[in-house]
Amino acid sequence: MLQHYLKITSRSFVKNRLAALINICGLAIGLTAGMLIILIIKSEFEQDRFHKNIDHIYMLLSNSRQEGTIKTGSSMPALLTGAIRNSIPEVNYAAHCSSNSQQLLTYGGKSIYEDGIYAEPDLLNIMHFPALQGNPITALGDASSIVLSVSTAKKLFGNEDPMGKIIRHNNQHDLKVGAIMQDLPANSSVNFHVALPFRIWERENAGTFRNWDAYVLASYVELKPGANLTAVNKKINALFPTPPTDINTGVFVYPFKDRYLYSSFKNGKPNGGRIEIVLLFAVIGVCIILVACINFMNLSTARSAMRSREVGVRKTLGATKKQVIVQFLGEALMMTTLALLIAVILAVLFLPSVNYFTGKNITISLSDWQLWLLVTGMTLLTGLIAGSYPAFVMSAFQPVRVLKGVITNKKSSGLLRKGLVTFQFIISIFLIITTIVIYRQQSYIQQRPIGYEQSNLIDIPARGEMSTKLGVMKNDLLQLPGVMAVSAGADDLVRFGGATDGIDWPGKTADQNFYINVSDVAYDWVKTAGLQILEGRDFNPAFGVDSTGCILNAAAVRKMGLKEPVVGTKLGKNTIVGVVADFSFNDAFNAPGPLIVYLNHGPLSHLFVRLRNDANWQKRLAQIEQIVKKHNPDYPFEFHFTKDNYQRQFKGIRSTGQMVSLTGILAIFISCMGLFGLSAFLAERRNKEIGIRKVFGANVTKIWLMLSQDFLKPVLIAFLIAAPLAGWAMHLLLFSFDYHINLSWWMFALAGVLVLLVALFTISYQGIKAALTNPVDSLRAE
């Protein structure tokens, strides 16, 4: 029986080659998109899941009330972890670690910068990262040891055995290689190539261990099975010298396995995050596959007249309805299986591009049974959906009627096809409008004025002793032709990390409890950054040491409600000497928060150099490098253009926009393949009608219009439905940003015209071909 079905199916494919080719190609493209989206979604859900005890790992988060709402943060006091470890029996391990930073490693005359953290030994009891040599937990307990990844060890030592070798760290410490770890998995949220004993960080930041208000570290705990989270949270908050009195604030444990996908909080409660992007991709994948399935249904119903007699004869010879259903479902599944083979090849070819867009390192493995189970399920479901309508409709044909040439209600069949085509183009037009809006929003954010000139501003990280020689280096750099200004700061201009709610000002009310970004800078900071002074002045040695002065941005003035004149107002012990216009930092998509900067004559982390905008910047960079190396010879020269740092913020929205654009193009392509097939079959069915019309004088244009209008109506109806839906969805998306474009009529018109032109071009081939056919050939049988 199976052999019989395969023979019939193969004959049907050969007889209807165009339909089979269109169906297989459409299904292959749909399955390719589905497979790639499955890989993306699977990689998102696998984040951090390699930890053996992932269900018992928790991250500490804190809720604090600010301006009537609750803000959630992930930084903890340095004193908290030790107190948890010693006081809470439900905790197996507790550990904290610093944020990632560049560490200079020197061995045998070779110096490299590597991404590293300072961590307590128990961090590696909580999280399981495989070791190749030595014991990383023991090494982190020794303040004179260092733990390297295998790739970092390879860079420094080549083929030498690294164990026990002495590395110079940041030109300050000599550390012994105590362990070598495997490179951390790409799906690890905690990532580093160098792990350093936390005691080194503790010595360099001793002040943080005297202050319970210094929230600076990431903290993790492993709880015992069955631990009551509410009870644990109460015990943690009781450890603070002043426990929170508001039940909605304080520190709480949050499942580490949820932190990646559900990282967004609103008013102290989880409120989505990356899971929203995952759901978007899932919906897009389902839509693409549905478009491919609709193609199959449309072409099958269009060909139903050709196969009706086959069904009638089979039923007359004793075939049951069930057997006919099995035959047509078998054809659909066989076609879907062939499409899957093509889809796997296409997925392998397109995977590098997907990895580039998403920044991931996704691979296809034959041993990944979960992937192939999902792909097999998707393929079977696609085949069943695609083949279900043709199977159940054609199996219901009555032999007596179909053998007389009476098949079914042609009007209802035509309406169904038009409805399915309309649904296809609703999806396609929706994705095209989404693509246009996201692209315009991305361009607007990237190109909008940000408050200072980035292009000619260089940020040089102040490594080692360089931070103590900034004044001397500034004088040398200003001697170079083309160097317009030099300053320094504790933060780069793109991101300011420090914040406080402990600032007082005249007229401050009890409800004005909000965090203000704070930073330290050097003289000429405003001038070098290119900021606009609204009131007062920059830090300038001509006005004395300015040691008690500060500069605010306009957002801080507004939020504090300061009255004019602002300059001269006291903020605690500091006097405002200047106000600068708002400029973009921390979040390019939303309005800047309040910022206060103080003058600092001591070490700072970033040296800023403003260059003249001309063609000699490369020559000046070489001269700047010579000066920096003269004052800091033990460190490699390192610099960044501030503009490049700023543009990195758009990687996420750029990747999402590119993926949506790609899926929109795929949806249009599959839909147009279906239109091409439908127009070919319907032109063939109306072959004699066209011949008669030509005999009675119809020209090519009239016949082309007659055939085209039936297909253009569904496209126009789809536009009328998709446009308001897309407008509503994009309105919600855009108004989640402080800075956003306004929706304009031309975005919708452009999408409609593009889809209409593509559809018109697709069906014109068959229309013109049919119109040019000699009527003698089409009427020969009559």
Side-chain angles (χ1 to χ4, degrees), residues 64 66-68 71 213 448-454 457 459 485 487-588 590-602 604-606 608 610 642 646 738-739:
S64 60
Q66 300 172 30
E67 298 181 287
K71 304 291 185 182
D213 293 328
R448 75 175 182 86
I450 61 170
Y452 63 96
E453 176 56 48
Q454 299 174 322
L457 184 60
D459 172 13
S487 187
D491 300 278
D492 63 24
L493 290 168
V494 175
R495 181 161 296 279
F496 290 83
T500 182
D501 61 351
I503 296 176
D504 293 319
W505 60 86
K508 182 178 181 180
T509 60
D511 62 337
Q512 286 182 307
N513 179 34
F514 54 85
Y515 277 96
I516 302 172
N517 296 281
V518 295
S519 189
D520 292 333
V521 300
Y523 286 123
D524 298 325
W525 178 74
V526 174
K527 175 184 176 183
T528 307
L531 300 174
Q532 179 187 355
I533 287 280
L534 298 179
E535 185 180 346
R537 58 178 175 82
D538 193 358
F539 291 126
N540 192 315
F543 291 88
V545 294
D546 270 341
S547 57
T548 60
C550 63
I551 295 175
L552 280 67
N553 68 347
V557 174
R558 287 194 302 271
K559 205 156 189 179
M560 291 177 179
L562 300 179
K563 297 179 181 179
E564 295 185 354
V566 177
V567 171
T569 302
K570 286 278 191 179
L571 301 184
K573 296 179 180 179
N574 298 94
T575 303
I576 300 174
V577 300
V579 178
V580 296
D582 287 335
F583 63 97
S584 177
F585 65 89
N586 286 4
D587 183 358
N590 292 304
L595 171 70
I596 300 177
V597 295
Y598 302 98
L599 182 67
N600 188 329
H601 298 284
L604 293 169
S605 304
H606 298 267
F608 303 118
R610 169 71 65 183
T642 300
Y646 181 79
D738 290 338
Y739 297 118

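Note: hydrogens, waters and symmetry copies are ignored here, and every other heavy atom, side chains too, is used. As the structure is a computational prediction, the values presented were derived from the model and not from experiment.
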Heavy-atom distance under 4.5 Å between the side chains of [X] and [Y], does that happen here?
X: V597; Y: V580; answer: no
X: V494; Y: T642; answer: yes
X: I576; Y: I596; answer: no
X: L599; Y: V577; answer: no
X: L493; Y: L457; answer: yes
X: F585; Y: D491; answer: no
X: S487; Y: F539; answer: no
X: L571; Y: L552; answer: yes

Distance, nearest 0.5 Å, that separates [atom1] of [X] from [atom2] of [Y]:
X: I551; Y: I533; atom1: CD1; atom2: CD1; value: 5.5 Å
X: M560; Y: I516; atom1: CE; atom2: CD1; value: 3.5 Å
X: S519; Y: L604; atom1: OG; atom2: CG; value: 8.0 Å

Indicate yes or no for a side-chain donor-acceptor contact from [X] to the backbone of [Y] under 3.5 Å, with no hydrogens or angles considered.
X: N517; Y: P594; value: yes
X: W505; Y: L562; value: no
X: D582; Y: A554; value: yes

* Consider only side-chain N and O atoms of H606 and D492, and report whether a donor and an acceptor are under 3.5 Å apart. => no
* To do: Apply side chain to side chain contact (heavy atoms under 4.5 Å, CB included) to V567 and list each qualifying residue two or more places apart in sequence or on a separate chain.
  => E535
* Asked: Got a sec, which pairs hit side chain to side chain donor-acceptor pair (under 3.5 Å) with one end in residues 565-580, sequence neighbours left out?
  -> K570-T575
* T528 to A485 - nearest heavy-atom pair and separation -> OG1-CB, 3.5 Å
* Structure fact -> Shortest non-hydrogen pair, A555 vs G593, comes out as CB-O, 3.7 Å
* To do: Flag this pair as yes if the NZ/CZ of K559 is under 6.0 angstrom from the six-membered ring centre of F514 and inside a 45 degree cone about the axis; otherwise no.
  => yes
* Asked: Among pairs that include at least one residue of residues 514-527, which meet salt bridge (Lys or Arg N to Asp or Glu O under 4.0 Å), considering only residues two or more places apart or in two chains?
  -> K474-D524
* Asked: Does the separation of the ring centres of W525 and Y452 fall below 6.0 angstrom?
  -> no
